[in-house]
Amino acid sequence: MCHETLEDPKLVEPTDVLVEVEISAICGSDLHVYHGREKGIDHGTVMGHEFVGRVAECGKDVKDLKPGARVFSPFTTSCGECFYCRRGLTARCESGQLFGWVEQGAGLHGAQAETVRVPLAASTLVEIPNDVTPEEGLLLGDVLSTGYYCAKQAGVEPGGVYAIVGCGPVGLMAIAGALELGAETLFAIDSIPERLDLAARLGATPISYAQSDPRAIVHGATQGRGADAVLELVGNSSAHRLAVNLVRPGGTVSVVGVHNEERFAFTPAEAYDKNLTYRVGRCPARHMIPQLIPMVQSKKYDLAAVISHRMTLSEGPGAYKLFDEKREGCTKVVLTP
Ligand code: NAD
Ligand code: ZN
Ligand code: ZN
């Protein structure tokens, strides 16, 4: 990563669209690259996979989008037609690409820029619906879809006891998602006071793992059993370990945190002894978005409260540092070109 000037993107395929970026954001996923935990990305790749903007130019095969349309985007492109897209797993589209990932010259630049090229635009981009603000559109494109997906994969339903491990933007959105799915007893674990405050404001019971023992609290609330499901939205081995400690026998651990470790933080024997269901992977955001638009339009949750900082693109390097160090109550940064 760097901040040298790159050439403006151009239309390449007839199904491409160029989007003039109005806002983009920094994601916890960008931090894996920032720290070199995730390897392989080319130097000079434009980062950023969360954005809202205006269609500036359309390839000749793009019928449904017109210049001027206001759009947001899932963090990967998808064709809408392949084996995986037809099954709702748009994150694994046979021709899909992740924004902000260029490896050995191949891939797609990201949206922390003035303009972004969007391949497979008609089946990727979503026009901003009525009663959805640009910031809510941006959240729908990744963190809200991912948080909700994690809750759905966890099998959250009315009456259960659930624990959220990690109250970053994705974990906070998972709280809203779990509540939307009917969760009543919902614990939310982190160590950062501002994030725990946001978790409480959304409706979860906050637990600081720096100050108390989450296992004692969750087991205490369940006659010693543990939670019916644990949602892990961190992506490190201590969070992985904690999730398995908190789940009851027969329960589910649902993971969207991106893991770069070589090994699981629990053994096959522990999984066996707990009759554990383990679900993991990249969120098929394009598939999730249409079903989540009504939740956003309902305004039941103050979703944009996760955005703590609004800065300019030229302040990008400082914004990365602030978000990484989680200083000044920084939970999510939105950048304006
Ligand atoms: P973030 O870094 O802002 O948040 C992570 C939070 O976890 C922080 O608040 C941190 O204090 C907390 N944490 C760290 N260790 C912990 C522990 N042991 N127990 C409890 N909490 C702990 O990141 P984010 O933007 O919220 O993203 C979270 C994760 O989700 C990242 O790994 C990101 O790459 C991943 N992600 C995955 C997908 C997907 O499709 N699967 C999509 C988006 C993001
Ligand atoms: Zn992201
Ligand atoms: Zn596809």
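The chain is numbered in sequence order, starting from 1. As the structure lists them, so they are numbered: ligands from 1, and atoms in each ligand from 1.
Between T331 and ligand 1, a contact under 3.5 Å exists for no N or O pair. For a threshold of 3.5 Å applied to N or O pairs, the pair formed by V165 and ligand 1 contains no separation below that value. The shortest N or O to N or O distance between V143 and ligand 1 is not below 3.5 Å. For ligand 1, the polar-atom distance check against P169 finds a nitrogen or oxygen pair separated by under 3.5 Å. The shortest N or O to N or O distance between C167 and ligand 1 is not below 3.5 Å. At under 3.5 Å, not a single nitrogen or oxygen of S191, backbone or side chain, sits near a nitrogen or oxygen of ligand 1. The shortest N or O to N or O distance between F75 and ligand 1 is not under 3.5 Å. Polar contact check, D142 against ligand 1: no nitrogen or oxygen pair lies under 3.5 Å apart.
Between the side chains of H35 and D324, at least one donor N or O lies within less than 3.5 Å of an accepting N or O. In the model, Y148 has no side-chain atom that pairs as donor or acceptor with a side-chain atom of Q291 under 3.5 Å.
Of the possible donor and acceptor atoms, none in the side chain of T312 sits under 3.5 Å from a partner among the backbone N and O of T336. T115 places no side-chain N or O within donor-acceptor distance of the main-chain N or O of E20, the cut-off being under 3.5 Å. Looking only at distances, a side-chain donor or acceptor of R86 sits under 3.5 Å from a matching main-chain atom of E81.
For ligand 1, the atoms sitting less than 4.0 Å from at least one non-hydrogen atom of G281 are 41 (N), numbered in the order shown with element in parentheses. Of all atoms in ligand 1, numbered sequentially from 1 with element shown, those under 4.0 Å from a heavy atom of H32 are 31 (C), 32 (O), 33 (C), 34 (O). Close contacts of ligand 1 with R195, meaning ligand atoms under 4.0 Å from a residue heavy atom, involve 1 (P), 3 (O), 4 (O), 8 (C), 9 (O). Annotation for ligand 1: atoms under 4.0 Å from non-hydrogen atoms of G166 are 7 (O), 20 (C), 21 (N). Each of the atoms 39 (C), 40 (O), 41 (N) of ligand 1 lies under 4.0 Å from some heavy atom of R282.
Close placement of the Y320 and Y34 rings is indicated, their centers lying within 6.0 Å of each other. Between Y278 and H240, the distance separating the two ring centers is shorter than 6.0 angstrom. Not less than 6.0 angstrom separates the ring centroid of H49 from the ring centroid of F99.
Proximity of V256 to ligand 1, defined as any heavy-atom pair under 4.0 Å, is shared by backbone and side chain alike. Contact annotation: for F323 versus ligand 1, heavy atoms closer than 4.0 Å belong to the side chain alone. By the criterion of a heavy-atom distance under 4.0 Å, the side chain of I192, and not its backbone, is placed next to ligand 1. With a 4.0 Å heavy-atom cut-off, ligand 1 is reached by the side chain of K326 but not by its N, CA, C or O. Heavy atoms of N236 found under 4.0 angstrom from ligand 1 belong exclusively to the side chain.
With sequence neighbours excluded, the residues that form a side chain to side chain contact (heavy atoms under 4.5 Å, CB included) with T76 are L98, R282. The salt bridge (charged side-chain N to carboxylate O under 4.0 Å, His left out) search around E232 returns none, not counting sequence neighbours.
Residue E94 holds its CD atom at 12.0 Å from OG of S78, rounded to the nearest 0.5 Å.
Within 6.0 Å of CD on E114 lie no more than 12 heavy atoms contributed by other residues, nucleotides or ligands. The 12-atom threshold is exceeded at CZ of R327, counting heavy atoms of other residues, nucleotides or ligands nearer than 6.0 Å. More than 12 heavy atoms of other residues, nucleotides or ligands sit less than 6.0 Å from atom CZ of F187.
Of the protein's heavy atoms, V170 CG2, 3.4 Å lies nearest to atom 27 (O) of ligand 1. Protein heavy atom nearest atom 12 (C) of ligand 1, with residue, atom name and distance: D190 OD2, 3.2 Å.
Hydrophobic clustering (side-chain heavy atoms under 4.5 Å, transitive across Ile, Leu, Val, Met, Phe, Trp, Tyr) groups L246 together with V255.
The closest heavy-atom contact to atom 5 (C) of ligand 1, among the options L196, L233, I26, comes from L233. Evaluated by nearest non-hydrogen atom to atom 14 (C) of ligand 1, the leading choice among I164, I189, V234 is V234.
R87 forms a cation-pi arrangement with F83, by the criterion of a distance under 6.0 Å to the ring centre and an angle within 45° of the ring axis. In this structure, K326 forms a cation-pi arrangement with F323, its terminal cationic atom sitting closer than 6.0 Å to the ring centre and no more than 45° off the ring axis.
Protein atoms of type N, O or S found under 2.8 Å from the Zn ion (ligand 3) total 4.
Around the Zn ion (ligand 2), the protein atoms of type N, O or S found under 2.8 Å away are C27 SG, H49 NE2, D142 OD2, listed by chain and number.
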